[in-house]
2 protein chains.
Amino acid sequence: MPTRDDTAATPASAPAGLTASILGDDLSFLLARANALSLSAGNAALAVHDLKARSYAVLAAACATPPPSQRELADFLRLDPSQVVSLVDQLEQRGLVERRADPQDRRANAVVATAAGEALARDAQQTARRAEEAVHGDLDPDERRTLMALLRRLAFAS
Amino acid sequence: MPTRDDTAATPASAPAGLTASILGDDLSFLLARANALSLSAGNAALAVHDLKARSYAVLAAACATPPPSQRELADFLRLDPSQVVSLVDQLEQRGLVERRADPQDRRANAVVATAAGEALARDAQQTARRAEEAVHGDLDPDERRTLMALLRRLAFAS
DNA sequence: TATTGTTATACTCTATAACTATA
DNA sequence: TATAGTTATAGAGTATAACAATA
């Protein structure tokens, strides 16, 4: 639940009373707080490319094969379909993605990255990865793998 | 970065192309998606108590000893101080927390749960825990502990 | 009749700046 | 001079409903 966009960061430590409180072993809270830190670090870093975590996610997904439809993007990124419209609009105006009509289903638009979009996605991925490391830099590679595997099960449960 | 309040849920599974995309091993994205699922499940469940994840977090923190100041709440929950004002206002109007002037520093308000607040926090904690289990129910206790320990390091790094 | 994408709109959340009272 | 809390406000993010085109 927390989110705050402070680039010049909050002291991440907390009063002992609070870390030991009910919330201290609340998985949802830890998830929320970890996400908030990661999100603000990511947004700050991606600003160099004129992207945010959201738009980067759409761009990165548009590099997949086969390219996703807007509906698939909405489901995968957990965005409202109307939000996807506006994110794709912005990326399309910058020439980073294209809407390509699906010949199978003419209601659907595949969102596919242009060459410029793919290049930017690669750069932004590097940027994002470096920002991530600042957040979880003290996890060793094994721990990182473990964490990702467990998170993946939460993120794509059922 | 994703958040969407769909109670009647999205199919959590995703096109293989997307799970295998750049985002598939992006820790920030997994964190964001796992958090989004957990948050919407939490909000939906806590609605029974007229709480959301945010207000529940404030209430739960107000049960800690020593009771946190608003500034400490803001840092711990990663909320803006002005948001804390409004959340505390709401809880105070419902008689669930009180602002108690700190005799040491008369600028500061400790936010402390009332008896009713503590009772509700206990109920809500049960509710939240049950909702959590729906999200990460397929993790065994060991995996859950591991996940929490790793997340705690991200959430309170440095 | 249901679904994809779209638009418009209302609402919630978040960030910023200015102010007060204390320190 | 700096910090805790407050207020007001603007901006970003999110949800809802209605519609056209297609299935």
Side-chain angles (χ1 to χ4, degrees), chain A residues 1-11 15 32 35-37 39-40 42-44 46-47 50-58 67-92 97-111, chain B residues 1-11 15 32 35-36 39-40 43-44 47 51-55 57-58 67-90 92 97-111:
Chain A
M1 119 298 357
T3 295
R4 195 176 51 180
D5 211 346
D6 56 5
T7 303
T10 308
N35 177 57
L37 290 168
L39 180 61
S40 56
N43 278 335
L46 289 167
D50 238 306
L51 292 171
K52 295 190 168 193
R54 282 265 163 65
S55 40
Y56 168 63
V58 172
S69 69
Q70 293 189 192
R71 155 61 61 185
E72 287 170 331
L73 281 176
D75 288 345
F76 186 62
L77 305 177
R78 288 192 61 80
L79 298 169
D80 200 84
S82 63
Q83 300 175 51
V84 174
V85 171
S86 118
L87 286 165
V88 171
D89 281 350
Q90 293 167 35
L91 294 173
E92 198 171 37
V97 304
E98 285 175 6
R99 277 178 240 244
R100 196 166 292 172
D102 181 344
Q104 312 293 300
D105 179 347
R106 279 162 43 216
R107 293 173 303 181
N109 292 329
V111 178
Chain B
M1 121 289 1
T3 296
R4 195 176 49 181
D5 212 344
D6 55 5
T7 302
T10 309
N35 177 58
L39 180 61
S40 57
N43 278 335
L51 291 171
K52 295 192 167 190
R54 282 268 162 63
S55 40
V58 171
S69 70
Q70 293 189 193
R71 155 60 61 182
E72 287 170 332
L73 281 176
D75 288 345
F76 187 62
L77 304 177
R78 285 191 63 80
L79 297 169
D80 198 84
S82 63
Q83 298 175 53
V84 174
V85 170
S86 119
L87 287 164
V88 171
D89 281 350
Q90 292 167 36
E92 199 171 36
V97 304
E98 286 174 5
R99 277 179 242 242
R100 194 165 295 172
D102 181 343
Q104 311 293 299
D105 180 347
R106 280 160 44 215
R107 294 173 303 181
N109 294 329
V111 179

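Both backbone and side-chain heavy atoms feed into the values below; hydrogens, waters and symmetry mates do not. A, B, ... follow the sequence lines: proteins, then strands. Residue 1 opens every chain.
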Student: Nearest whole Å is fine: how far is C:dA2 P from A:Arg106 CZ?
Tutor: 22 Å
Student: Can you tell me how far C1' of C:dT3 sits from CG of A:Leu73, to the nearest Å?
Tutor: 16 Å
Student: Of all the choices, C:dT6, C:dT14, D:dT6, which nucleotide is nearest to the side chain of B:Pro81 once you look at every atom?
Tutor: D:dT6
Student: Whole-Å distance between C:dT12 C1' and B:Gln90 CD?
Tutor: 11 Å
Student: Rounding to a whole Å, what distance do you find between A:Leu39:CG and D:dA12:P?
Tutor: 15 Å
Student: Name the nucleic acid region contacted by B:Asp105, choosing base, sugar-phosphate or nothing; use a 4.0 angstrom heavy-atom cut-off, strictly under.
Tutor: sugar-phosphate
Student: Strictly below 4.0 Å: does B:Lys52 bring a side-chain N or O up to OP1 or OP2 of C:dC13?
Tutor: yes
Student: How close do A:Val97 and A:Val88 get, counting heavy atoms only, and between which atoms?
Tutor: CG2-O, 4.0 Å
Student: Distance check needed: C:dC13 C1' versus B:Leu77 CG, whole Å only.
Tutor: 15 Å
Student: Among the nucleotides D:dT6, C:dT6, D:dT14, which one has an atom lying closest to any side-chain atom of A:Arg54?
Tutor: D:dT14
Student: Do the non-hydrogen side-chain atoms of A:Lys52 and A:Leu46 ever get within less than 4.5 Å of each other?
Tutor: no
Student: Give the dot-bracket string for DNA chain C, reading 5' to 3', where a pair is Watson-Crick or G-U wobble with both distances under 3.5 Å, ( ) marks pairs inside the strand, [ ] marks pairs crossing earlier ones, | marks a partner on another strand, and . marks unpaired.
Tutor: |||||||||||||||||||||||
Student: Which heavy atom of A:Arg54 sits nearest a heavy atom of A:Leu79, and at what distance?
Tutor: NE-CD2, 3.3 Å
Student: With nearest nucleotides of DNA chain D determined for A:Gln104 and B:Arg107 from heavy-atom distances, which residue corresponds to the more 5′ nucleotide?
Tutor: B:Arg107
Student: Return whichever of A:Ala108 or A:Ser82 has its heavy-atom-nearest nucleotide of DNA chain C closer to the 5' end.
Tutor: A:Ala108
Student: Do any side-chain nitrogens or oxygens of B:Arg71 fall under 4.0 Å of OP1 or OP2 in D:dT6?
Tutor: no
Student: Without decimals, in angstroms, what is the distance between A:Asp80 CG and C:dG5 C1'?
Tutor: 12 Å
Student: Excluding sequence neighbours, so at least two apart, what forms salt bridge (Lys or Arg N to Asp or Glu O under 4.0 Å) with B:Asp102?
Tutor: none
Student: Looking only at heavy atoms, what is the nearest atom pair of B:Pro68 and B:Glu72, with distance?
Tutor: CA-OE1, 3.3 Å
Student: Is any side-chain N or O of A:Asn43 closer than 4.0 Å to OP1 or OP2 of D:dA12?
Tutor: no
Student: Quickly work out the B:Asn109 CG to D:dT3 C1' distance and round it to whole Å.
Tutor: 13 Å
Student: Output yes when at least one side-chain N/O atom of A:Gln83 is less than 4.0 Å from OP1 or OP2 of D:dT14, else no.
Tutor: yes
Student: Closest approach of A:Asp80 and A:Ala74, non-hydrogen atoms and distance?
Tutor: C-CB, 4.4 Å
Student: What integer distance in Å separates B:Asp89:CG from D:dA4:P?
Tutor: 18 Å
Student: Do the non-hydrogen side-chain atoms of A:Gln70 and A:Pro81 ever get within less than 4.5 Å of each other?
Tutor: no
Student: Assign each of A:Ser69 and B:Asp102 to its nearest nucleotide of DNA chain C by heavy atoms, then name whichever residue's nucleotide is nearer the 5' end.
Tutor: A:Ser69
Student: Testing the basics here: between B:Leu39 and B:Ala53, what is the closest heavy-atom pair and its distance to 0.1 Å?
Tutor: CD1-CB, 3.6 Å
